[in-house]
Peer 1: 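Structure incoming, see below.
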Amino acid sequence: MQYRASFFMELLGTALITLLEYASLALIFFRFEDLKGWSLGEIAFIYGLAEISFGFMDLFFSGFDPGNFGLRVRKGEFDQLLLRPLNIPLQILGSAFVLRRLGKIVVGVFIFSFALRQTNLVWTTAKILYLPLVVLGQVCFFGGLFIIGATITFWTVESIEVVNIFTYGGNYMMSYPMHIYQNWLRRFFTYLIPVAFLNYYPALYYLDKPDPFNLPTFAPFLSPVAGVSVFLAALAFWQFGIKYYQSTGT
Amino acid sequence: MIKVSNLSKYFKIAKHNRGTFGAVRNLFNTEYNLVKAVDQVNFEIQAGELLGYIGPNGAGKSTTIKMLTGLLVPTSGDLLVNQLVPWKNRKRYVAEIGAVFGQRTTLWWDLPVIESLELLQHIYHVPEKRFRANFNEFREILELDAFLDTPVRSLSLGQRMRADICAALLHNPKLLFLDEPTIGLDVVAKERIRRFIRYINEERGTTVLLTTHDISDVEKLCQRVMIIDHGKLLYDGNLAALKNRFGGKRILEVDFAENYAEIPLEGAEVAERSGHKVTYHFQRGTITASALIGQLSAKYRVRDIEVRLQEIESIIRRIYEERLLE
């Protein structure tokens with residue numbers, strides 16, 4: 001805790017941003033009352049869950065945040081990690097444990113508990129036990145995307161915005177029910193990038209809603225599988241990409 | 001200990017478009033310049049050597065060191081250190097070497113020096129007893145006591161370099177890479193670092209590969225020197241022989257007190273003149289500096305005199321431009 005004041009400012013900042021984003025959504029709701037059959041409370045369920053997961057991911061993986069990581073690569077600071085007789089991804093995880101993301105998690109929990117009060121969610125043992133796995137799947141998924149983005153910076157730092165489309169865009173995407181999107185967009189985020197399995201399908205299961213797209217009944221339980229697969233693929237890509245690290249001129 | 005054969009590292013540098021939409025066109029750029037940072041380099045280093053690796057900016061020194069320390073993967077060629085290929089067995093390999101990069105600290109920016117060192121003890125699994133012995137020894141010679149509790153970000157350059165060197169040696173590496181360890185340091189700080197490098201090499205038998213811009217680093221420390229420029233190894237051998245062969249030229253700079261029309265000196269030639277300031281060149285062995293200064297003060301009124309050796313940059317430039325080594 002080397003920079004205390006800065007820490008509390010950022011903590012407050014991230015919390016406020018998340019809260020305001022959701023507040024703006026809620027304000028729209030007061031006008032339209034529901035979103036293609038989903039109530040505000042139900043939206044809050046997936047919104048809160050996505051925020052909690054993204055917050056946890058950012059807490060642990062922010063060393064891989066392509067923007068920051070690319071900067072470190074460009075400055076040659078990555079040399080330092082390579083010089084240590086330790087696993088590189090673990091060093092990066094350890095290099096940035098960003099407590100200020102707690103703000104995002106706290107707000108996520110707040111929105112999520114609001115959802116639980118608003119909806120008539122029927123808890124079963126299976127639902128309780130599965131919840132951490134859903135979060136784990138999402139954390140792995142976004143962590144994997146961060147790692148892929150970080151790996152791309154070994155070649156270029158200019159195309160990093162493309163990766164942000166998937167990470168931040170995916171997080172945004174995940175915060176709303178899948179059936180509000182156009183078919184092509186939904187298919188893209190179901191089969192190519194498995195966002196739908198991570199949050200939307202688990203939400204259908206928790207809220208006991210029917211699947212409008214008639215996927216097999218195990219679809220809600222693919223969250224950890226999809227997340228861990230993306231994560232493992234990302235690690236493999238990382239192992240490949242690290243050979244192309246160029247360091248700097250000095 | 002180190003065996004390098006036909007080692008090359010090429011970088012592809014994207015060509016930058018300028019002008020209108022240049023930034024946009026850069027995104028779809030497929031044109032590259034190929035930079036041969038290190039080109040077909042061969043050498044061997046025996047255990048216990050203290051060796052200087054020199055060359056001007058951009059010659060390929062740092063790239064070589066980065067391949068030797070496992071940071072960069074070569075484009076082609078072979079590299080074997082301690083029977084290991086650095087980038088393939090990275091974790092095992094880096095546990096056996098030490099490296100200091102003068103341009104950049106390997107310590108933790110916000111941690112006090114002592115905590116950085118203790119962290120390294122755990123990272124390298126240094127037993128407590130050995131760590132204490134090494135630490136106490138180094139902290140005395142490198143005079144670390146004054147700033148052990150200071151965060152690394154607040155250290156002066158000289159202090160930071162000493163802390164970095166100490167950090168690189170705590171785990172008793174057999175091999176130490178020093179990339180410009182004296183860059184930007186004042187004379188006293190340079191001398192302190194040099195003394196320590198010599199000590200480590202002589203007392204502990206650590207093999208040291210040292211890159212530098214400062215020829216006096218090499219003169220004071222190394223028997224053997226390797227010169228690289230434009231990625232090619234130009235010279236590998238005895239330093240004294242090299243200096244006699246190519247660095248015989250000396251420079252005499254005189255600031256005259258009056259404006260003389262003619263200022264000839266026997267045994268030296270005027271290389272440059274601007275107003276009162278005149279630069280002479282002379283050959284070592286043909287005439288001594290003191291004889292020239294004697295001539296000067298007998299004939300003219302002089303304000304200031306300076307005798308210099310030809311700098312490494314110009315020796316190397318001469319070697320390269322005149323292709324003296326091919």
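Labels below follow one simple rule: chain letters A, B, ... track the order of the sequence lines, proteins then strands, and each chain is numbered from 1.
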Peer 1: Using a strict cut-off of less than 4.0 Å between a Lys/Arg side-chain nitrogen and an Asp/Glu carboxylate oxygen, indicate whether Arg153(B) and Asp110(B) qualify as a salt bridge.
Peer 2: yes
Peer 1: Is it the case that Lys36(B) places NZ or CZ above or below the six-membered ring of Tyr10(B), under 6.0 angstrom from the centre and within 45 degrees of the axis?
Peer 2: yes
Peer 1: Picking from Leu72(B), Thr106(B), Leu120(B), Val73(B), which has the most non-hydrogen pairs under 4.5 angstrom with chain A?
Peer 2: Thr106(B)
Peer 1: Looking at side-chain heavy atoms only, is the closest gap between Ile2(B) and Leu68(B) below 4.5 Å?
Peer 2: yes
Peer 1: Among Glu180(B), Lys91(B), Arg92(B), single out the residue with the greatest number of heavy-atom pairs under 4.5 Å to chain A.
Peer 2: Lys91(B)
Peer 1: Can you tell me which portion of Leu107(B) sits under 4.5 Å from chain A's heavy atoms? Options are side chain, backbone, both or neither.
Peer 2: backbone
Peer 1: Can you tell whether the side chains of Arg104(B) and Asp79(A) come within less than 4.0 Å, N to carboxylate O?
Peer 2: yes
Peer 1: Can you say whether Ile88(A) sits under 4.5 Å from chain B via the side chain, the backbone, both, or neither, judging by heavy atoms?
Peer 2: both
